[in-house]
Amino acid sequence: IKVDGNTVAKKNIVFWGVHINGNRQNRTSIAGPEGGDGELSGFSILGVVDNLLIRDCSADYCGTDGLALFGAGAGVSLSLTNITVENFTARFNRRHGVSLDAAKGVKFIGGKWNSNGLDLDEVSPLDSGMRGARFGGDLYGNGVDVESYGATAEYSTHVEDVSFYDVECIKNYGMGMQLLPSPAGYALPLWRPFINISVYGGHFDQGIAPASSERSSIQVSSVGAFAAGQVAVDGFNVFGARLENGIGMNYVR
């Protein structure tokens, strides 16, 4: 399902009780990261979208993400607004369970985003849906991946006021939750850090990937991405969550 707000803004949309099997097993010749990892997400919410509710839905075995909230394509800062995702299930997708950027006012309430980013076998070609998405040759899918792509002279792709309530992100290839702001365009007036990100309850693990210095249940920003004294995430709060391997934080105020 695609909601495309790149050319004409979309608003006031409800998906309730919609269940998708993405049939990744039979996808072939899937593009790499430069091609949006194939753009085969179960729900693709693109561009300028306001007031969206996704309730009691699922997207499993999709060729990219279960749910991709990708506002950056519209070239408008914070182009996704007033989004609620309630009891959403995303399992066995080729990349992430859920991905997000360029958004303000997003609530995730309940849901299980587990076992994403994995190979289904180890013999099919790497561009087959049987294999997990790769970047630089390595698998990298997370339960939820919140990224920005920096700023230009016209717009920024940061996120503000995003909350997670009782979501489960376990047994993915990568970490349960990754918040990855980009330093690109840091000197430009429109660059912003991630602002006011909160996690209430839920269950997160570090995934099944080999251990590294940046593999926590929740990873906030990345070592070496910013200069000393810079703030990449301004306001990060966790209340009562179950974390199998703690939180890794860099450049956080």
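Under 3.5 Å, the side chains of Ser99 and Asp65 contain a donor-acceptor pair of N or O atoms.
Annotation for Ile30: hydrophobic cluster partners, listed by chain and number, are Leu40 (ILVMFWY side-chain heavy atoms under 4.5 Å, direct or chained). Grouping Ile, Leu, Val, Met, Phe, Trp and Tyr residues whose side-chain heavy atoms lie under 4.5 Å apart, directly or via other members, places Tyr140 in a hydrophobic cluster with Phe135.
Note on residues 220-232: pairs passing side-chain hydrogen bond (donor to acceptor under 3.5 Å, both in side chains), not counting sequence neighbours, are Glu214-Ser222. Residue pairs meeting the side-chain hydrogen bond (donor to acceptor under 3.5 Å, both in side chains) criterion with at least one partner in residues 192-201, sequence neighbours excluded, are Asp161-Asn196, Ser198-Asn237. Evaluation of the salt bridge (charged side-chain N to carboxylate O under 4.0 Å, His left out) test over residues 218-243, restricted to residues two or more places apart or in two chains, returns Asp234-Arg253, Arg242-Glu244. Under the salt bridge (charged side-chain N to carboxylate O under 4.0 Å, His left out) criterion, no residue pair touches residues 142-159, with sequence neighbours excluded. For residues 106-119, the set of pairs meeting the side-chain hydrogen bond (donor to acceptor under 3.5 Å, both in side chains) definition, not counting sequence neighbours, comprises Asn93-Asn116, Asn114-Glu168, Asn116-Asn172, Asp119-Arg131, Asp119-Arg134.
In this structure, CG in Leu100 is found 9.5 Å from CG in Leu179, a value given to the nearest 0.5 Å.
The ring-ring contact (aromatic ring centres under 6.0 Å, His included) search around Tyr61 returns Phe92, not counting sequence neighbours. Applying the side-chain hydrogen bond (donor to acceptor under 3.5 Å, both in side chains) rule to Arg91 yields the partners Asp60; only residues at least two apart in sequence or on another chain are considered. Applying the side-chain hydrogen bond (donor to acceptor under 3.5 Å, both in side chains) rule to Arg215 yields no partners; only residues at least two apart in sequence or on another chain are considered. Scored by the side chain to side chain contact (heavy atoms under 4.5 Å, CB included) test, Asn87 finds Asp56 as partners (sequence neighbours excluded). By the side chain to side chain contact (heavy atoms under 4.5 Å, CB included) test, Ile195 is found to be paired with Glu160, Pro193, residues two or more places apart in sequence or in another chain being considered.
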